[in-house]
Amino acid sequence: MRSLYLLVIGLLIPVWVHADVSDFNLTPGVTDISQQVYGLHMTIFYICCGIAAVVFGIMLYSLIKHRKSKGAVPANFHESTKVEILWTVIPFLILIVMAVPATKTLVAMEDPSQSELTIQVTGSQWKWHYKYFDKGVEFFSLLSTPQAQIKDAEAKGENYLLEVDKPLVIPANRKVRFLMTSDDVIHSWWVPAFAVKKDANPGFINEAWTKVDKPGTYRGQCAELCGKDHGFMPVVVEVLAEADFDNWLADQQQAAAEAEAAANASLNETLTMEESMTLGESVYNARCAACHMPNGMGLPGVFPGLKDSPIAKGDIAAHIDIVVNGKPGTAMQAFAAQLTPKEIAAVVTYERNAWGNNMGDIAQPADVAGGGSSSEPNQAEAKTAVEAVAVAEETIEAKAAAPEASQEPLTMETAMAEGQLVYNTYCGACHMPTGMGLPPTFPALKDSPMVKGEVAAHIDIVLNGKAGTAMQGFSAQLSERQLAAVITYERNAWDNNTGDLVTTADVAASKGQ
């Protein structure tokens, strides 16, 4: 009997010892949190192995030692108080042992405070939109695996379905905070090496964070079934050394300025039919064919066809409008922030003349610039906020170069002026320059109960943030003077007119509490 028991233990030992190096196991990842998650996983795994060894060992021993063929007589008892206490207390103690490390890890995973960079991650069918807060940089990231590989016309590449045209770029050794949301359905942003997997829900904001020590390229994908092309929505994150990231960010800011200048210049261009059809086909296949199909037939009942479509063969202004602004309540998203006026004009021309539509008309970039009334004012406001951020950052940097100005006592006039600059830089991207927010994701500050309520509570939420929301604490990012100024501004801008002047002493007192 003892030899059998030892055999069972012997069979479990290799599993116990080598579990951490198995190809079927989790990977340790490249962040402190991912290693904590891995360590927690292995701790629970070993506890489960220990429980299995004890429970199944006792079962096997009992089955063999007390079998009927050896004359064993079963005990005749029930409702044993001792047994009931034991089988209640022992599992309770085991759960406590498991809960302590699990709670520590979960608390650490949900703590995005003291972050040095905030990035908004927006999922949409079927791509990711990345926006670097306060940096004036944003872009869409799409699958770049060639269609020939997907259709088995050529051999699969090394990173098949896990490659994109523009990866998310973050710095090493800096804490990066992610705000997750969605334009349409539920997506999930998942990078296993970071131990980050967070749902992106339309109308809500979820938070996550990471701090990667090792530069490199890390891959993941959408982990929530989000529609037809769910399997074609990869995540690629490129981690650069801090100096390299700063250089990359500067290059992106310059490229964004140049792209905007080029887009404005294109408004004066006049495209020929040949140019429009060539460019339009390229844009259509990259951005539209996933839903409307390369042959323009769509997926009836899901995505309407464009061949002989009332939109494609109707009023060209309405056609431009729906491409620019999307159509609320449907899967048709707005492309104003994704394509240049020239690209939109070209793809509209292509849709109106391909597949036998043969309308013969040509949309021009200038038509797109004035085409249709926006059905998504929030996008226009967000663009305005980004522009305001760029101006405000330049002004604040210039003001920082004159330290004598910051020594002046805050008056209502100086607080409002300085507070507006700080607000546009740090707050306007979420709450909008108009203070109207982006309901329900980011609450409005105009006529807000918080802003028009107790000053101390207002100071506290700006200093420390609000757990469970996208509101982060700014105590480590702003000086006491900047904090006092921006709170004063919020309490008196947009007709809030509370008349309160918050001083640096008020902020210092709140910090000391």
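Numbering starts at 1 and runs along the sequence shown.
Here Lys156 pairs with Asp152 under the salt bridge (charged side-chain N to carboxylate O under 4.0 Å, His left out) rule; sequence neighbours left out. Residues satisfying the salt bridge (charged side-chain N to carboxylate O under 4.0 Å, His left out) criterion with Glu110, sequence neighbours excluded, are Lys198. Take Ala241 and apply the side-chain contact (heavy atoms from CB on, under 4.5 Å) test, not counting sequence neighbours, and it matches Asp244. Residues satisfying the side-chain contact (heavy atoms from CB on, under 4.5 Å) test with Asn295, not counting sequence neighbours, are Met293, Met297. Under the rule for a side-chain contact (heavy atoms from CB on, under 4.5 Å), the partners of Gln114 that lie at least two apart in sequence or sit in another chain are Ala476. Residues satisfying the side-chain hydrogen bond (donor to acceptor under 3.5 Å, both in side chains) criterion with Glu207, sequence neighbours excluded, are Arg177. Not a single side-chain hydrogen bond (donor to acceptor under 3.5 Å, both in side chains) links Asn496 to another residue, sequence neighbours left out. Partners of Asn201 under the side-chain contact (heavy atoms from CB on, under 4.5 Å) rule, at least two apart in sequence or in another chain, are Ile186, Asp199, Phe204, Asn206. Applying the side-chain hydrogen bond (donor to acceptor under 3.5 Å, both in side chains) rule to Glu224 yields no partners; only residues at least two apart in sequence or on another chain are considered.
Between Gln149 and Ala155 the shortest heavy-atom distance is CG-O, 3.4 Å. When all heavy atoms of Pro28 and Ser34 are compared, the pair lying nearest together is O-OG, 3.0 Å.
Among residue pairs with one or both ends in residues 85-107, none qualify as side chain to side chain donor-acceptor pair (under 3.5 Å); sequence neighbours excluded. Sequence neighbours left out, the pairs with a member in residues 227-246 that pass ring pair (Phe, Tyr, Trp, His ring centres under 6.0 Å) are Phe245-Trp248. Residues in residues 446-490 take part in these ring pair (Phe, Tyr, Trp, His ring centres under 6.0 Å) pairs, two or more places apart or across chains: Tyr423-Tyr489, Tyr489-Trp494.
For the pair Ile150/Leu143, a side-chain contact is recorded, criterion being any heavy-atom separation below 4.5 Å from C-beta on.
Residue-environment remark: NZ (Lys228) exceeds the threshold of 12 foreign heavy atoms within 6.0 Å. Atom NZ of Lys166 is surrounded by 12 or fewer heavy atoms from other residues, nucleotides or ligands within 6.0 Å.
With 3.5 Å as the limit, one finds a donor-acceptor pair spanning the side chains of Gln120 and Thr122.
Tyr130 and Phe139 have perpendicular rings, their planes meeting at more than 60° on a 0 to 90° scale where under 30° would count as parallel.
One finds no salt bridge joining Asp32 and Lys211 here, because no Lys/Arg side-chain nitrogen approaches an Asp/Glu carboxylate oxygen to under 4.0 Å.
Interatomic distance, Lys466 NZ to Ile461 CD1, rounded to the nearest 0.5 Å: 5.5 Å. To the nearest 0.5 Å, atoms SG (Cys427) and CE (Met471) are separated by 6.5 Å.
No donor-acceptor pair under 3.5 Å is formed between the side chain of Asp460 and the backbone N or O of Ala456.
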Report the C-alpha separation of Phe178 and Trp209 in whole Å, then their side-chain angles, then the decisive distance to 0.1 Å, and conclude whether the ring pair (Phe, Tyr, Trp, His ring centres under 6.0 Å) test is met. CA-CA 6 Å; Phe178 301 110; Trp209 68 274; 9.6 Å; no
